Amino acid sequence: MKENFQIYNKEFEGPFNLPLTIKSGQTSQPAWLEQDGYFQELVVAENKPCLIKIKCGSKNMASSLEVEVESPYEIALKTVQDTIKDIFGLNDDLNNLYKFLEKDPKLSPTIEFCRGLRVFKAHNPFECVISSITSANNSIIRWNRSIRMMSEKWGDMYHFPTGDFYTFPSPKKILTVPEHEVEELEYCGGEKNIAECVNNLKTCGVGYRGNYIKRASKIINEDLDLNTIARMNYQEAFQTLLEIPGVGPKVADCILLYGFGRGEAFPVDVWISRIISKLYFHGEKIKPDKIREYGRERFGKYAGYVQLYLFHYARKSGLLDELKPRI
DNA sequence: ACCCAGGCGTCAG
DNA sequence: CTGACGCCTGGG
């Protein structure tokens, strides 16, 4: 199938800034590739691969989106459209969010810095889990590169006129991947020397996280069906995710927010800790679990968006630099 | 040019 | 509670 269509701004509530949403470094997945003015990514819909190309409308259609989709298989257009709306948070009502933010003088300044920024949701929950594990104690560029490399090495490749695209590998596939050079050497029984061992997790730049990634894949392949997470209440889902190696409170909340659309999740990293303590506690040092509790209580179902907006506001307004220790 | 300290969340001790 | 983990960044 190959289809072109528009998504009109009247189909969702509030503004939408596509490039901002894609490039804001949210841990659901790496940023989509930008080519020929389109952002492109291979997603799976109805279990079939589908290339999505999306850009902001031009001229009189400036506030709508132009989309091209292409797949070697037949997929119902409605399914693809719903998938796109879900990925870009187009079901979230930003007008309501802004009404909520406006009521808090600490939050209202974030609106003008982040207008149209939406939660960039995962199209693949497993990829989201691995992305989030890889993002811990890491930089955005580094985990983005790692996830891309994993897809290119072990995902399924599909060829399109605009290039080759890869799915993210399945848990089962990752189980067959050696963790590091030494393990790869053992697997091949000495057929190659250590310098030729480049087909392992460590060569993707994941460092010590390779071990977490393999153990997480094993659990998800054998014991934990990620679909069941979607049906659990927040607490239960949070506790279940904590069982996965490499998943602590911050990563669990990221998975819930980006992978499962739980808007009430409040992922707390050092920056959010500093921002919250500066804005609401006169700069007093507060432990991360207290910050998380505070955020969830104060911001409720908007907690995830508040986290996203505070971080980007702090980044763009210069608050972040100001909060860096020892200036 | 080069080096090395610092920082990111989680886990193990 | 503290240090180690790997890698990149950025200051000297």
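Proteins come first, then strands; the chains are lettered A, B, ... in the order of their sequence lines, and each starts at number 1. All figures in this text were calculated on a predicted structure; none of them were measured in a lab.
Between A:F160 and A:Y158, the ring planes are tilted. Angles from 30° to 60° get that label.
Nucleic acid contact class of A:I133 (heavy atoms, under 4.0 Å, all strands): none. At a threshold of 4.0 angstrom between heavy atoms, the contacts of A:P245 are confined to the sugar-phosphate backbone, with no base atom among them. Among the heavy atoms of the strands, none lies under 4.0 Å from A:V206. Within 4.0 Å (heavy atoms only), A:L242 reaches no atom of the nucleic acid at all.
Residue A:N138 contributes atom CG, which lies 13 Å from atom C1' of B:dT10 at whole-angstrom precision. Counting to the nearest Å, the C1' atom of B:dT10 and the CZ atom of A:F238 are 13 Å from each other. Distance, A:N211 CG to C:dA4 P: 19 Å, rounded to whole Å. Separating the CD1 atom of A:I141 from the C1' atom of C:dC8 is a distance of 7 Å, rounded to the nearest angstrom. For A:R315 and B:dC8, the CZ to P distance is 14 Å, given to the nearest whole Å. Here the C1' atom of nucleotide B:dT10 and the CH2 atom of A:W143 are 18 Å apart, to the nearest Å. Atom CD1 in A:I140 sits about 18 Å away from atom P in B:dG7, given to the nearest Å. Atom CG of A:L241 and atom P of B:dG9 are 18 Å apart (whole Å).
Using a cut-off of 4.0 Å between Lys/Arg side-chain N and Asp/Glu carboxylate O, A:D223 and A:K218 are scored as not salt-bridged.
Looking only at side-chain heavy atoms (C-beta outward), A:I286 and A:I291 come within less than 4.5 Å of each other.
Comparing B:dG7, B:dG9, B:dC11 by their nearest atom to the side chain of A:Y208 picks out B:dG9. Across B:dT10, B:dA12, B:dC8, the shortest atom-to-atom separation from the side chain of A:W271 is found for B:dC8. When distances run from any side-chain atom of A:K202 to the nucleotides C:dC5, B:dT10, C:dC7, the shortest one goes to C:dC7.
How far CD of A:Q307 is from SG of A:C254: 6.5 Å, rounded to the nearest 0.5 Å.
Between A:Y212 and A:R145, it is A:Y212 whose nearest contact on DNA chain C lies nearer the 5' terminus. Mapping A:R215 and A:V270 onto DNA chain B via the closest heavy atom, the residue that lands nearer the 5' end is A:V270.
Taking only distance into account, the side chain of A:R142 never meets the base of C:dC8 through a donor-acceptor pair shorter than 3.5 Å.
Not one side-chain nitrogen or oxygen of A:K287 sits closer than 4.0 Å to the OP1 or OP2 atom of B:dG9.
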A:L90 vs A:E11, test: side-chain contact (heavy atoms from CB on, under 4.5 Å). Steps then yes/no. CA-CA 8 Å; A:L90 295 180; A:E11 295 178 60; over 6 Å; no
